[in-house]
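Throughout, a chain's letter reflects where its sequence line sits, starting with A, and its residues are numbered from 1. Only a predicted model underlies this, so the values are computations on that prediction, with no experimental measurement involved. Worth knowing before you read on, the calculation uses all heavy atoms, side chains too, and leaves out hydrogens, waters and symmetry mates.
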There are 2 protein chains.
Amino acid sequence: MNLKQLAHMLALSQTTVSRALNGYPEVNEETRRRVMDAAKRHGYRPNPSARRLATGKSGMIGYVLPTGAAVDIDPHFVEFLSGLGDYARSHELDLVLSPTDADDQETTYRRVVANRQVDAVYISSPRPADRRVALVNTLGIPFIVHGRSEGLDFDYPFLDIDNEGAFHEAARLLVQLGHRRLALINGDDGETFAIHRERGLRRALAASGLTLDDRHVCSVVMTEENGYRAARRLLEQDGAPTAIACSSLIMALGVVRAVRDLGLSIPGDISLIAHDDVFPWLKPENFSVPLSTTRSSIRRAGARIAERLAARISGLEEGARGEVWPVDLVVRGSVAGAPA
Amino acid sequence: MNLKQLAHMLALSQTTVSRALNGYPEVNEETRRRVMDAAKRHGYRPNPSARRLATGKSGMIGYVLPTGAAVDIDPHFVEFLSGLGDYARSHELDLVLSPTDADDQETTYRRVVANRQVDAVYISSPRPADRRVALVNTLGIPFIVHGRSEGLDFDYPFLDIDNEGAFHEAARLLVQLGHRRLALINGDDGETFAIHRERGLRRALAASGLTLDDRHVCSVVMTEENGYRAARRLLEQDGAPTAIACSSLIMALGVVRAVRDLGLSIPGDISLIAHDDVFPWLKPENFSVPLSTTRSSIRRAGARIAERLAARISGLEEGARGEVWPVDLVVRGSVAGAPA
DNA sequence: AGAGTCTTCCAAAGCGCTTTGGCTTTGCCG
DNA sequence: CGGCAAAGCCAAAGCGCTTTGGAAGACTCT
């Protein structure tokens, strides 16, 4: 059942039927009702390919997915996706993943935009002066950055959590508890979120006249194994830290293992706070010693980004609106006063 | 730059240019070269929307993604996606995720197929007599099932690992080590993979005249917390098992925690084997006691499925070819002889 | 030389929708 | 009652590609 047939059986022109269906004003309300009704009754669904060709709109949002033998997709992605799906589902918005060589994302962005495959894209894990953001901005497709870049000479729409504030609060708590030597096990320090976390932590220390020893900060891909290695390195050096802030729950697993392997205990010898993106399958309260966290649901962020992308596509949102979400500090058993 | 312009500047018809570009035989090799050359020089890329409308082919593969407030996307998905991306990237194949209400997937499948949004789909986490498989089969779109259904009255193409064999081998090893009371912490027993694993385990026990106590099998969503709960329940009952087979590494984390909480040890009191889908961020060899596993890379499966979908789209693969991959049994420190 | 066969190319008809540019009809006003 | 604006509808022209149904020319064969 296509427009032509529908129009014919209603004894109307395609024009009118099309307009009636798409809510244009120049059609009698009475006729519109008739059309709507017939369309529903016959299960008419406009052919998206045809509509696409005519309008250039695809009704899909895009994500350029870096892949490669050496590239692992972050497990956070799945949670983000859940959120995105939560919103998109109820709006018949589909998501197009365009896998790309991690070293040449530009080509893929250009292709996706040139082909008008999607109406909007989002960018995740941005870095300072992120080239993708600049590119997408000049290509002129609606977009939102999940996270923030820095040092770009233009404003752009983004959704970020207050990473600096979160780690500032975490560190402040630790300092209040008497800790003087803090350590940071961070994610890839090429990414802005990691920079912000370190910044927040340093700021809290500075406020108390303390500093972050360079040997006390690690920046690694966030795996359990790397958490373990980093923690061992930190804890086996002279002047080892008494408290650790950690950028992910997964790394925290490794940290806990390292602490145990070294015959130390949490929080007796080491206090630990990690950032929790809220996974359903790994919860900080279930760690052998319940883990203090800075918490922010990445899933909610996914839903919000889908919502804002949809708003941008339909012109309801414009300009470079940045949104920064506060982060909860949840104190559990893994922090205590510094050892004497 | 579109076909018309290109044809015009070559003083050829659109027909000929189109045919030259798409490798049809009825065009002089000399002209073809000229066309190809000009196309490349001017960076001509056929408009996918137009091509879609004309051919009905979209050049994308689809996945219907169940979502909902109560639905969590499996973290395995991300690894599968990595694999899919590995292949798709080099073939400019995009993936369309269509989020759907988990309770009404049929509507979404129908929409996706009716709209010809994608050229092929894959289905994951199948159940016995899976309705999606039956649906997609009748809808007539190329597809592959990741995993297997059971009890359908037709054959279909799938890619599965030998879950039954894997757990059979695992159980056989445990029995050989003298264990008599095995337990199984399984995933959702509505899904075929879980059924097969249980079947494999029972078969191995039966071969030695043993049986699997019904109180010794749990079927839960695969989270750390559920692994913990299941293990506690198992280990606190009378006639507690001395060995546990566990369907995922994430649950195994919980099992290890439970064992420790109960003052027991691995492998002294409890032997543990888990299935490992090979996550980059959580490795069995890094468990406090290195974990024995049945191992199969879900990422490789993703790549293979993309490859086969592509083959089906282009007609290179046909029929109901099923592919079953063997699973490695990797023995590490978490298994030992049964306690006396 | 005439008939038949390839080879090579083209004009034009879709694919199914949106949108432009009218054309009637109706209602209102002076 | 004539004129004008608004309301309601339509025919047809795209969007950019593929594909059908020739047609012209070159070649082969008898």
Side-chain angles (χ1 to χ4, degrees), chain A residues 1-36 38-39 42-60 92 111 113-119 313-315, chain B residues 1-39 42-60 92 111-119 313-315:
Chain A
M1 164 73 48
N2 58 22
L3 226 211
K4 196 167 168 182
Q5 295 168 22
L6 185 62
H8 183 255
M9 73 177 14
L10 280 165
L12 285 172
S13 74
Q14 295 191 36
T15 310
T16 304
V17 176
S18 171
R19 293 198 151 139
L21 257 22
N22 294 324
Y24 283 73
E26 56 264 275
V27 39
N28 193 325
E29 273 312 317
E30 155 79 35
T31 3
R32 185 192 304 279
R33 226 180 315 271
R34 253 180 71 221
V35 171
M36 292 285 219
H42 294 83
Y44 167 74
R45 315 256 313 165
N47 177 320
S49 304
R51 169 175 275 172
R52 263 174 90 145
L53 181 58
T55 64
K57 298 272 165 195
S58 69
M60 310 201 274
E92 280 199 11
R111 166 172 69 84
V113 173
N115 288 352
R116 325 198 108 216
Q117 294 199 108
V118 297
D119 298 338
I313 289 172
S314 58
Chain B
M1 163 74 48
N2 56 23
L3 225 211
K4 195 168 171 183
Q5 295 168 23
L6 185 63
H8 183 255
M9 75 178 10
L10 279 165
L12 285 172
S13 73
Q14 296 190 36
T15 310
T16 304
V17 176
S18 171
R19 294 199 149 138
L21 258 22
N22 294 325
Y24 282 72
E26 55 263 276
V27 40
N28 193 324
E29 274 312 316
E30 154 78 34
T31 352
R32 186 192 305 279
R33 227 181 314 273
R34 254 181 70 222
V35 172
M36 293 285 220
D37 199 61
H42 295 83
Y44 167 75
R45 313 256 314 164
N47 177 320
S49 303
R51 168 175 276 173
R52 260 174 91 146
L53 182 59
T55 63
K57 298 272 165 198
S58 68
M60 311 202 272
E92 279 200 12
R111 166 172 69 85
V112 163
V113 173
N115 289 351
R116 324 200 110 218
Q117 293 199 110
V118 298
D119 298 339
I313 290 172
S314 58

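Distance CD (B:Glu29) to C1' (C:dT7): 13 Å, rounded to an integer number of Å. Straight-line distance from the CZ atom of B:Arg34 to the C1' atom of C:dC9: 12 Å, rounded to whole Å. Taking atom NZ on B:Lys57 and atom P on D:dT19, their separation rounds to 11 Å, with Å as the unit. When the P atom of D:dC17 is taken as reference, atom CG of B:Leu6 falls 9 Å away, rounded to whole Å. In this structure, CG of B:Asn28 is placed 13 Å from P of D:dA26, rounded to the nearest angstrom. Distance, B:Glu30 CD to C:dT7 P: 17 Å, rounded to whole Å. Nucleotide C:dT18 holds its C1' atom 8 Å from the CG atom of A:Asn22, rounded to whole Å. Atom pair B:Arg116:CZ and D:dT18:C1' shows a separation of 14 Å (rounding to whole Å applied).
The closest side-chain heavy-atom distance from A:His42 to A:Met9 is below 4.5 Å.
Screening A:Asn28, A:Val27, A:Leu10 for a side chain to side chain contact (heavy atoms under 4.5 Å, CB included) involving A:Thr16 leaves a single residue, A:Val27.
Shortest non-hydrogen contact noted between B:Ser58 and B:Gln117 is OG-O, 3.0 Å. Nearest heavy-atom pair, A:Met1 versus A:Tyr44, reported as atom, atom and distance to 0.1 Å: O-CD1, 3.4 Å.
Summary for the helix from C:dA1-D:dT30 to C:dG30-D:dC1: the axes at its two ends, each from 5 pairs, differ by 50° when rounded to the nearest 10 degrees.
Within the structure, every side-chain polar atom (N or O) of A:Tyr24 is placed at least 4.0 Å from both OP1 and OP2 of D:dG8. A close approach under 4.0 Å does not occur between any side-chain nitrogen or oxygen of B:Ser18 and OP1 or OP2 of D:dT19.
The structure places NE2 of A:His8 at 12.0 Å from CG of A:Asn2, a figure rounded to the nearest 0.5 Å. Within the model, atoms CG of B:Leu12 and OG of B:Ser18 stand 12.0 Å from one another, a figure rounded to the nearest 0.5 Å. Distance check: B:Gln5 CD to B:Gln14 CD gives 10.0 Å after rounding to the nearest 0.5 Å.
Judged by distance alone, the side chain of B:Asn47 and the main-chain N or O of B:Ser49 form a donor-acceptor pair under 3.5 Å.
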Item to complete: If a protein heavy atom is under 4.0 Å from the base, mark B; if only from the sugar-phosphate, S; if neither, -; do that for nucleotides 10-16 of chain C going 5' to 3'.
Response: BBB-BBB
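Sorted by first then second residue, the salt bridge (Lys or Arg N to Asp or Glu O under 4.0 Å) pairs that include residues 43-60 of chain A, not counting sequence neighbours, are A:Arg45-A:Glu92.
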